[in-house]
Amino acid sequence: MSAIDRQSGSVRELSVTRLRDEVARLLVESNYVIPSDVLDALRTAVSAEESPLGRRTLEQLVRNYEVAAAERMPVCQDSGIAVIFLEVGQNVHWVGGSVQEAVYEGIREGTRAGYLRWSVTGDPARRLKMAGDESPGVIHIDLVPGDRVRLKVASKGFGAENMSALRMLVPADGVEGIADFVVETVGRAGANACPPVIAGVGIGGTFEGVALLAKKAALRPLTERHARPDLRDLERELLERVNTLGIGPQGLGGRVTALAVNIEVLPTHIAGLPVAVNLGCHSTRRAEVEL
Ligand code: SF4
């Protein structure tokens, strides 16, 4: 291979205009229609909840999501910050402009078209301006084999995001330390995370890597359990533990504090044990498409 890349027949051209349009469409869709697995879990939770007030709250949440989908309106006043995940096939060649700018423009268009709240400030420290035309979302890109692109759009509410946490444990803390940190984080979040929550738990990697891992875990469908039996068991045990905290739906008391605990792991340094817990609220919104 020469120093200059050669174009091969397997390269697929993809227009950034299509990417922009799909980001806008999915942003609206994710804000109007709660994922079916989350809605199913909320419906199931109604019968699992022992507290009458908790049951009524869950019924109202389910009704809220049914009405939002039928009437085409946002599921929550907090339409969140757009978090965009792109799994890009390494044989894809983007044409027509900047990928980053296309994503940002898609977020702006979707926010306008869907009558969503402009929730992002471009001046986090002093709060003197909104993001406006700068950077209205967060983009994560993974390079994967092939010539397809998987686009996932998540609208992340900040009630739950604010209560998320990261801790650099040490190896001696072990599984017990991980479990205690997860339960502590959900307990400290209380009503602020808009329960029932989805607890995305990242274990391993590095300081920055474990936070992203936890976010990916929080966005994993609730119907998927971890493929490793020990981690699947830990997900179940942690769900049982957080559901004894008594926080309940919307923090009004009850059994159903969490719908799921999703764990993802990465190899890490022998001297460390990074753990992150990214909380998703009952309005966990995500939509995806293959381009
Ligand atoms: S945390 Fe979720 S449910 Fe609560 S206000 Fe924000 S988006 Fe809405």
Side-chain angles (χ1 to χ4, degrees), residues 26-43 45-46 49 53-69 71-84 107 110-111 114-121 124 127 130-131 136-138 152-165 185-201 211 214-222 242 245 247-254 256-262 276-287:
L26 292 185
L27 187 66
V28 176
E29 212 49 36
S30 67
N31 269 282
Y32 286 10
V33 183
I34 210 79
S36 59
D37 58 300
V38 177
L39 189 53
D40 286 347
L42 287 167
R43 288 190 179 116
V46 174
E49 181 55 69
L53 184 54
R55 262 201 311 277
R56 273 207 304 284
T57 305
L58 287 166
E59 284 166 352
Q60 285 170 356
L61 292 177
V62 169
R63 181 80 188 119
N64 173 68
Y65 295 134
E66 289 170 345
V67 170
E71 302 286 331
R72 303 288 299 164
M73 57 176 68
V75 295
C76 184
Q77 46 76 34
D78 175 8
S79 43
I81 183 170
V83 185
I84 311 297
I107 295 170
T111 304
Y115 301 100
L116 307 179
R117 192 176 75 181
W118 294 96
S119 297
V120 178
T121 173
R127 307 271 155 172
M130 299 297 280
V138 176
K152 182 187 282 188
V153 174
S155 299
K156 192 71 179 70
F158 249 63
E161 192 77 353
N162 275 339
M163 304 313 293
S164 301
T185 303
V186 176
R188 187 177 45 81
N192 292 333
C194 292
V197 297
I198 297 160
V201 181
K215 176 150 271 85
K216 288 181 176 176
L219 295 172
R220 199 176 81 200
L222 306 188
V242 297
L245 289 169
I247 296 166
Q250 288 289 53
L252 296 169
V256 187
T257 297
L259 298 176
V261 176
N262 292 349
V277 181
N278 190 217
L279 296 177
C281 59
H282 58 71
S283 283
T284 287
R285 288 150 290 184
R286 49 176 146 77

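We're numbering straight along the sequence, starting at 1. Counting convention: from 1, in listed order, for ligands and their atoms alike.
The contact set between ligand 1 and Gln77, taken as ligand atoms under 4.0 Å from a residue heavy atom, comprises 5 (S).
Considering only heavy atoms from C-beta on, Lys215 comes within 4.5 Å of Lys156 through its side chain. Counting heavy atoms from C-beta outward, Arg285 and Ile34 have side chains that approach closer than 4.5 Å. Proximity of Leu61 to Pro196: side-chain heavy atoms (C-beta onward) are separated by under 4.5 Å at one or more points.
Under the 3.5 Å distance criterion, the side-chain polar atoms of Arg127 are matched with a main-chain donor or acceptor of Pro124. Side-chain atoms of Asn262 do not come within 3.5 Å of backbone N or O of Ile198 as any donor-acceptor pair.
For atom 2 (Fe) of ligand 1, the nearby protein N/O/S atoms, meaning those under 2.8 Å, are Cys281 SG.
Using a 4.0 Å cutoff on heavy atoms, Glu161 does not count as a contact of ligand 1.
When only non-hydrogen protein atoms are considered, atom 7 (S) of ligand 1 lies nearest to Arg285 NH2, 3.0 Å.
Ala276 pairs by the side-chain contact (heavy atoms from CB on, under 4.5 Å) definition with Leu166, Val210, Ala214, not counting sequence neighbours.
No hydrogens or angles considered: nothing links the side chains of Tyr115 and Ser79 as a donor-acceptor pair under 3.5 Å.
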